[in-house]
Amino acid sequence: MRIGYPCINRTIDCTANRTFRLKSYSEARFIDSINNNLVCLRKILQFNLEHKLLFFRVSSDLVPFASHSINKFNWQKYFQKDFEEIGEFIIKNRMRISMHPDQFTLINSIKDEIFERSKNELHYHTEILDLMKLDTSAKIQIHVGGVYGDKEKSRERFVTRFGVLDDSIIQRLVIENDDKMYDLNDCLKINTQIQIPILFDVFHHKLNNSGNLKTAESFQLTAKTWNEKRDGVPMVDYSSQEPNGSPRQHSETIDIEDFDLLLKETQHFDFDIMLEIKDKEKSAIKAINLATKAGRIHNL
DNA sequence: TCACGTCAAGCAGAT
DNA sequence: ATCTGCTTGACGTGA
């Protein structure tokens with residue numbers, strides 16, 4: 001089991017997701033931002049190594065406006081060496097990387113132009129991981145998308161659209177159960193039609209679980225959708241409800257008892273877990289201490 | 001230096 | 001009809 005956190009490290013004063021407004025776009029600004037982000041990404045990964053946090057989600061803002069038509073600059077070539085070096089560091093230290101394009105990436109959209117934009121966005125995400133020379137266990141996670149008044153049809157549209165994506169995208173794409181529309185059952189249905197791995201989100205499943213599937217059962221079902229040789233061990237997202245917060249609000253800090261319970265419920269499974277918790281690496285460090293004591297962290 | 005309105009992109013559900 | 005949340009943060013203008 002690897003433990004990780006998404007995108008931002010609050011301890012070190014360096015962010016790998018610096019961006020700017022479209023209005024203030026210039027090539028100099030663009031290059032400068034990517035440069036900053038790559039420098040910070042290295043520092044964050046170094047921090048993570050020192051704390052044995054071997055799972056990390058790279059921000060979609062690593063290259064701002066990467067899939068936007070305003071950007072004509074060949075950043076892939078310009079930063080090729082930097083990407084390679086970061087990739088070498090990741091591979092050498094047996095780290096794992098994921099990415100999570102944001103809510104505008106919708107492969108089942110009714111509108112073709114939204115699908116086209118989404119393809120470009122997915123292409124950009126694969127480029128990042130390809131430039132780092134990471135194998136296909138480095139994943140890109142998305143939600144199934146919108147319902148558009150007809151879930152059945154929209155699920156079918158996901159399947160059809162998935163089939164026409166580039167192979168380089170297909171190799172990396174995984175779907176995640178969401179908290180409102182497509183729950184684990186829906187994802188499993190899709191998986192019977194196209195062999196796409198399902199990234200299990202523990203918190204979303206608590207909020208949206210039509211099949212009333214228990215934790216261990218859910219881990220078992222999703223684990224089967226990952227081909228270990230091609231995809232690596234399953235990825236899992238974890239959070240818990242913020243006490244006194246609005247419903248669905250991710251907790252500020254880890255609920256260590258809840259996490260302990262999850263470890264017990266999942267003791268027969270191996271997976272990598274991403275803590276979507278606001279205080280980021282702080283909670284991740286608490287989690288890895290607990291998981292280590294529980295004998296769940298083995299040297300990779 | 002700081003507050004706060006706003007940010008490329010979409011959807012659903014609440015107000 | 002408009003606002004809010006989503007993985008939410010941070011840019012950037014005006015004072």
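All of these numbers come straight from a predicted model, not from anything done at the bench. Order of the sequence lines sets the chain letters (A, B, ...), proteins ahead of strands, with each chain counted from 1.
- Here the separation of B/dA3 from C/dG5, taken at their C1' atoms, is 23 Å to the nearest Å.
- With contacts defined as side-chain heavy-atom distances shorter than 4.5 Å, the pair A/V39/A/K43 qualifies.
- Each of A/V174 and A/Y238 belongs to its own hydrophobic cluster when Ile, Leu, Val, Met, Phe, Trp and Tyr are linked at side-chain heavy-atom distances under 4.5 angstrom.
- Residue A/F65 is in base contact, counting any heavy-atom pair closer than 4.0 Å across all strands shown.
- Of all the residues in residues 56-63 of chain A, not one reaches under 4.0 Å from DNA chain B with any non-hydrogen atom.
- The list of disulfide (SG to SG under 2.5 Å) pairs with a residue in residues 26-128 of chain A, not counting sequence neighbours, reads A/C14-A/C40.
- The structure places CG of A/L131 at 9.0 Å from OG1 of A/T126, a figure rounded to the nearest 0.5 Å.
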Let's go through A/F65 and A/F20 carefully: what are the C-alpha distance in whole Å and the side-chain angles of both, what is the deciding distance for ring-ring contact (aromatic ring centres under 6.0 Å, His included) to 0.1 Å, and is it a yes or a no? CA-CA 9 Å; A/F65 303 104; A/F20 50 87; 5.2 Å; yes

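- For DNA chain C, the residues of residues 13-35 of chain A within the heavy-atom distance limit of 4.0 Å (strictly under) are A/T15, A/R18, A/T19, A/F20, A/R21, A/S24, A/R29, sorted by number.
- The P atoms of C/dG9 and B/dG10 are separated by 22 Å, rounded to the nearest whole Å.
- For A/E85, the CD atom sits in a packed shell: over 12 heavy atoms of surrounding residues, nucleotides or ligands are nearer than 6.0 Å.
- Listed by residue number, the members of residues 99-124 of chain A with any heavy atom below 4.0 angstrom from DNA chain B are A/D102, A/Q103, A/F104, A/L106, A/S109, A/I114, A/R117, A/E121.
- The number of heavy atoms from other shown groups lying within 6.0 Å of CZ (A/R18) does not exceed 12.
- The distance from atom CG of A/N108 to atom CD of A/E156, rounded to the nearest 0.5 Å, is 11.5 Å.
- Contacts of residues 41-48 of chain A with DNA chain B (heavy atom under 4.0 Å): none.
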Under the side-chain contact (heavy atoms from CB on, under 4.5 Å) rule, what do A/S67 and A/H123 come out as? Steps first, then yes or no, please. CA-CA 8 Å; A/S67 71; A/H123 179 68; over 6 Å; no

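- One P atom belongs to C/dT7, the other to C/dC3, and the distance between them is 22 Å to the nearest Å.
- Partners of A/K151 according to the side-chain hydrogen bond (donor to acceptor under 3.5 Å, both in side chains) rule, which considers only residues two or more places apart in sequence or in another chain, are A/D186.
- Between B/dA9 and C/dG12, the distance separating the two P atoms is 16 Å to the nearest Å.
- On the nucleic acid side, DNA chain C contacts chain A at distances under 4.0 Å to non-hydrogen atoms, with the end points of that region at C/dC6 to C/dG12.
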Apply ring-ring contact (aromatic ring centres under 6.0 Å, His included) to A/Y182 and A/H143, showing your working. CA-CA 8 Å; A/Y182 294 90; A/H143 296 290; 9.6 Å; no

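- Closest non-hydrogen pair, A/P197 versus A/R230, comes out as CD-NH2, 4.1 Å.
- In the 5' to 3' direction, nucleotides of DNA chain B lying under 4.0 Å from heavy atoms of chain A begin and end at B/dT6 to B/dA12.
- Residue A/I70 is classed as having no contact, given no heavy-atom separation below 4.0 Å to the nucleic acid.
- Dense packing is recorded around CD of A/E50, with more than 12 heavy atoms of other residues, nucleotides or ligands lying under 6.0 Å away.
- Taking A/H100 as the reference, A/E176 meet the side-chain hydrogen bond (donor to acceptor under 3.5 Å, both in side chains) condition, with sequence neighbours excluded.
- The environment of CG in A/D13 is sparse: at most 12 heavy-atom neighbours from other residues, nucleotides or ligands sit within 6.0 Å.
- Panel note: side chain A/T266, backbone A/F269; no donor-acceptor pair is recorded below 3.5 Å.
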Reading DNA chain B 5' to 3', how would its secondary structure be written in dot-bracket notation, given Watson-Crick and G-U pairs with both distances under 3.5 Å, brackets [ ] for crossing pairs and | for partners on other strands? |||||||..||||||

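- Under the side chain to side chain contact (heavy atoms under 4.5 Å, CB included) criterion, A/N48 pairs with A/Y5, A/N9, A/I44, A/L45, A/L53, A/F56, A/M95, not counting sequence neighbours.
- Counting non-hydrogen atoms of other residues, nucleotides and ligands closer than 6.0 Å to CD of A/Q220 gives a total of 12 or fewer.
- Heavy-atom contacts from other residues, nucleotides or ligands closer than 6.0 Å to CD of A/E113 number more than 12.
- B/dT6 and C/dT8 have their C1' atoms separated by 14 Å, with the value rounded to a whole Å.
- Heavy atoms only, all atoms of each residue included: A/Y124 and A/V63 are closest at OH-N, 3.1 Å.
- Under the ring-ring contact (aromatic ring centres under 6.0 Å, His included) criterion, A/F47 pairs with A/H51, not counting sequence neighbours.
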